[in-house]
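To start, the structure under review is shown below, and the notes come after it.
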Amino acid sequence: MRYVGMCFMAACLCGSICAFAVTGGAPSAVRSLETGGSYDDTTGLTDNDVGSAEVKDVIPHPADGNTDWRLVLSEAIAYLSGWQQGSNPMAYAIRAAYLWQNGEWYHYDAEMIAPLCWVLGAVEPEGEGEGECQDDEDCDDSDLCTDDSCDPATGCVHTPINCDDGNACTTDVCDPLEGCVHTPVYCDDGVACTVDSCDPATGCVNTPDDTLCDDGNACSDGSCDPATGCVFAPITCDDGNACTEDSCDPATGCVFAPITCDDGNSCTDDGCDPATGCVFAPITCDDGNACTNDSCDPATGCVSVPITCDDSDLCTDDGCDPASGCVQTPIDVDDGIECTVDTCDAATGHVNAPNDALCDDLIACTVDTCDAATGCVNTPNDAACDDLIDCTVDTCDAATGCVNTPNDTACDDGNPNTVDTCDPVRGCVYTLNVMLPGDVPLELVWIPSGSFQMGRYPGEADSYMSEDPQHPVTLAYGFWMGKYEITQQQWLAVRGSWPGTAPSATYGLGNTYPAYYISWDDTKNFITSLNAHIVSSGQGPLTVRLPSEAEWEYACRAGTTTRFYFGDSLGCAVDCSDCAAGTLPGNRTAYMWYCGNNSPSGSKAVGGKTANAFGLYDMSGNVYEWCEDDYHSSYTGAPTNGSAWVDSPRASIRLLRGGSWGSHGAGNCRSAFRYSAAPGYRYYAIGFRLAAVR
C-alpha cells in the first residue's frame, strides 16, 4: 500500500487548534480539532463539551461511521459527551495515536517538529527497538489480527493471522479488537420458485423447483426459470395420430376425438391411416375377364362392358380370349414361291410380290431374277466377267462364277525376239531375251508409254526436299527395262572379271545375286561391251543403256501414286520393322529386301519378292541402281519428256534409285527416293539395271 501522509499544520497542545489531512484508499476528511471552537467536515462539529478519561479504544470515523479507517487513541484523551450520543462534536489532545486503514497502520509522534505527519507502521513501545525486546510478551501490540513474537536480533515481529475458515458460506475478516469474524453469506436470490441454500464447499445454491409453479390449468405446463421465476407454456395436445381431432380442456387436459373419413364415393374404400389421415383407396373392378372393359360409377359401383375386337384388318382373323383379350391371328399369305415377298395389305388383302434380290446365287456374273410362277432364274452373263485385261477370255460359269483364261496368242506383237505372254493380273507381258556370251539370258520387259507425277506427294512420310517439286512427266514412247537387276553371272558373262572388289559371301554371292561394288563408270564399260556383243551376234537392232531417272521412277511406280508401288505402308512405328503393305495384300516384307528383313546381312537372289504391275522385280530394296542423270538438288528445271537430265560438261555426281538391303531404312526404298554418289564410287550395296530401245 502506498505511503499515506497526514500532516499537522501547527504544533498541537491541549486547548489549542490542531489541523491535519487524511489521504489514501478510504474517503478523505479534513478535521479541525479545538477545545472551544468548531470542526468543518462532511457533517460538521459544533459541540465543545469536553470530558476526559484515561482510555484506550478504537473509534470509527466520526463523520460517517466508515470503518474502512479507524483512529486508535492511547494515553490521556479528552472527548465530548456528544460523541457517545452520535452528534460527532469532538476536541481532544493527543499524545500518541494510530490510524488503521485497509489493514495498514499509521502513527504520528507529538514530539515531532511541526508539521507532524502520519507515518506507515505502529509506534514501537519504549525499550522495543531493534534487538531490544526480551520475549514475545514485550511485543504484544494488543491487535488480535497479528501473531506477535520477538526476534532478539531484529526486534518485534507482527505476523498477520489468516482468518479463512474454508467455509464458502461465510465472509471472513479480522477485527483488531475481536479477532477473526465469520459472517454468514446471504443466499436468497429473490426468486420465489427456487430453493436457496448454501454449500460450505461451493457457496450459494439456488435450485429451481417446478412444483412451486402449478397454476391449476391442465392446459399449461409450469416450469421454474432461475432468472425470471415461474414460466407457464401452453401444452401441445398433438398425439401424432392423423385420425383424431386434438384439443385441450383446462379442467381435464388433452382430448383426442376420432375423425370421420366417409367420402360418399362407391368407387373408394374409405379408411384412416394414423400417419397420414383419411385414405380413400380406389376399389378394383377387374372381373378377371380380358374381354370386358371394367370401370366404376361413383354412384353404383363397378361396371363391366364387353369389348369389341374387330380391327378392320383384312389380314387378321379377330377373336377374344377371356384370359388374354383380343386375338388377331394373321392369315397365311405364303404362296410357296421362295423368291416372292408375301405380304398382306390391311385394306385389300394379301400380296405376293416377286423379289429378284432373293434369287442372288452369290455368283457375280449371273443375272438373278424371280418368276412369280416358277421361282428363281439365274442366267450367266459373260459381259459381267470382263477383267479389263485384253488378253484374257472372260466367261461366266453359272456354278463357279467368272473364269478369266489367259490367252497368250492375244499378246503376239509379231516380234520373233520377244516372248509374249498373258498375265491374268498385268495383261500382256512382252519379255525380250537377249543372249549374253555363254548363252546367259538377259530378260527385258516392255514398259508402255504414259504419263505420271514425278517426285514426292505433299506430306509424304520420310521424304526429302530434293524430291520437290512434284511435276508431270509424259513418256511418249515405250521402252524395255531389265526384269531384274544385273546379276553376278551376267556381269562375268559380258566383262569376264570384276572391276574392283569382287562380291563375297559376306554381302551375297551366287549367279542369281545382283552384281555389286559396281561404279557408274563400270556400268558404262559393261554397256559398251554388251552393245558390241548384240551387234556381233545379230540380235539388233537393239541398244542397251542406263535408264533415265524419270524412266526409272515411271517403271517403278507402274501406275501407282503411293510411297511404294505396293502402298503407303504407314503402320510401322520403326522404319526397319514390318507392317501392312497398304494397297496390295500382305506386309511390305513380301515386296522388298530392306533393313527389316536383311538377316543374314547382304544382298539376296533377284526375283525373290513380288513384282510390280509392269512385271519388274526388286525395284524397291536389294541394291541401289544407277541412273544416267547427273544429280540436281531439286526438280526445278528438270525435263518433262522422260529424258535424262545431264549437264554439259557432266557434273561430278550421279543419280541412284531404289534403296537397298542395308541399314538406311525402308524410307529409302520409296518410289520417289533419290540418292547420289560420284561416278567412280563402288559400294557393297550398289548395282544397276538396264534399259533398252530399238
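Below, all heavy atoms of this structure are taken into account, side chains as well, without hydrogens, waters or symmetry copies.
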Trp498 and Tyr517: CA distance, side-chain angles, deciding distance, ring pair (Phe, Tyr, Trp, His ring centres under 6.0 Å) verdict
CA-CA 9 Å; Trp498 296 104; Tyr517 284 130; 8.9 Å; no
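- At a cut-off of 3.5 Å, with distance as the only test, a side-chain donor of Asp568 or Tyr457 sits close to an acceptor on the other residue.
- A side-chain donor from one of Ser537 and Gln539 sits under 3.5 Å from a side-chain acceptor of the other.
- Salt-bridge annotation for Arg650 and Glu628: present, with a side-chain N of the basic residue lying under 4.0 Å from a carboxylate O of the acidic one.
- Remark: side-chain polar atoms of Arg689 are paired, donor with acceptor, to backbone N or O of Gly482 under 3.5 angstrom.
- Side chain to side chain, Glu551 and Tyr477 meet the donor-acceptor criterion of an N or O pair below 3.5 Å.
- Asn587 and Thr589 form no side-chain donor-acceptor contact under 3.5 Å, judged by distance and modelled atom types alone.
- One N or O on the side chain of Gln490 and one on the backbone of Pro441 form a donor-acceptor pair closer than 3.5 Å.
- In this structure, Asp390 places its CG atom where only 12 or fewer heavy-atom neighbours from other residues, nucleotides or ligands lie under 6.0 Å away.
- Distance alone, capped at 3.5 Å, is enough to place a donor-acceptor pair between the Asp575 side chain and the Ala666 backbone.
- Between the side chain of Thr418 and the backbone N or O of Asp420 there is no donor-acceptor pair closer than 3.5 Å.
- Side-chain contact, Thr316 with Asp318: a donor N or O sits under 3.5 Å from an acceptor N or O.
- Of all heavy-atom pairs between Cys669 and Tyr594, the closest is SG-CB, 4.1 Å.
- The environment of CD in Gln328 is crowded: more than 12 heavy-atom neighbours from other residues, nucleotides or ligands sit within 6.0 Å.
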Mind running disulfide (SG to SG under 2.5 Å) on Cys326 and Cys291 for me, showing each step along the way?
CA-CA 7 Å; Cys326 289; Cys291 295; over 6 Å; no
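- Residue Arg456 holds its CZ atom at 15.0 Å from OG of Ser671, rounded to the nearest 0.5 Å.
- Using a cutoff of 4.0 Å between basic side-chain nitrogens and carboxylate oxygens, Lys609 and Asp618 are not scored as salt-bridged.
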May I have the step-by-step check of side chain to side chain donor-acceptor pair (under 3.5 Å) for Ser676 and Arg654, ending in yes or no?
CA-CA 6 Å; Ser676 62; Arg654 301 290 185 268; over 6 Å; no
Steps toward side chain to side chain contact (heavy atoms under 4.5 Å, CB included) verdict (Met481, Trp446)
CA-CA 6 Å; Met481 189 77 159; Trp446 179 250; over 6 Å; no
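- When the options Tyr684, Tyr675, Phe688 are evaluated for a ring-ring contact (aromatic ring centres under 6.0 Å, His included) with Tyr624, the one that passes is Tyr675.
- Glu625 has no carboxylate O lying under 4.0 Å from a charged side-chain N of Arg657, or vice versa, which leaves the two without a salt bridge.
- The two atoms that bring Pro514 and Glu485 nearest to each other are CB-OE1, 3.8 Å, heavy atoms only.
- A distance-only check finds no donor-acceptor pair linking the side chain of Arg670 to the backbone of Gly659 [under 3.5 Å].
- How far CG of Asn597 is from SG of Cys595: 8.5 Å, rounded to the nearest 0.5 Å.
- Judged by distance alone, the side chain of Tyr554 and the main-chain N or O of Ser449 form a donor-acceptor pair under 3.5 Å.
- Within 6.0 Å of the CG atom in Asp310, the count of heavy atoms belonging to other residues, nucleotides or ligands exceeds 12.
- Within the structure, salt bridge (Lys or Arg N to Asp or Glu O under 4.0 Å) contacts touching residues 353-382 (residues at least two apart or in different chains) do not occur.
- A 6.0 Å sphere centred on NE2 of His350 holds no more than 12 heavy atoms belonging to other residues, nucleotides or ligands.
- In this structure Asp462 satisfies the salt bridge (charged side-chain N to carboxylate O under 4.0 Å, His left out) test together with Arg563, sequence neighbours excluded.
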Could you please spell out the steps behind the side chain to side chain contact (heavy atoms under 4.5 Å, CB included) verdict for Thr366 and Cys396?
CA-CA 7 Å; Thr366 59; Cys396 178; 4.1 Å; yes
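- With hydrogens and angles disregarded, a donor-acceptor distance shorter than 3.5 Å links the side chain of Arg674 to the backbone of His632.
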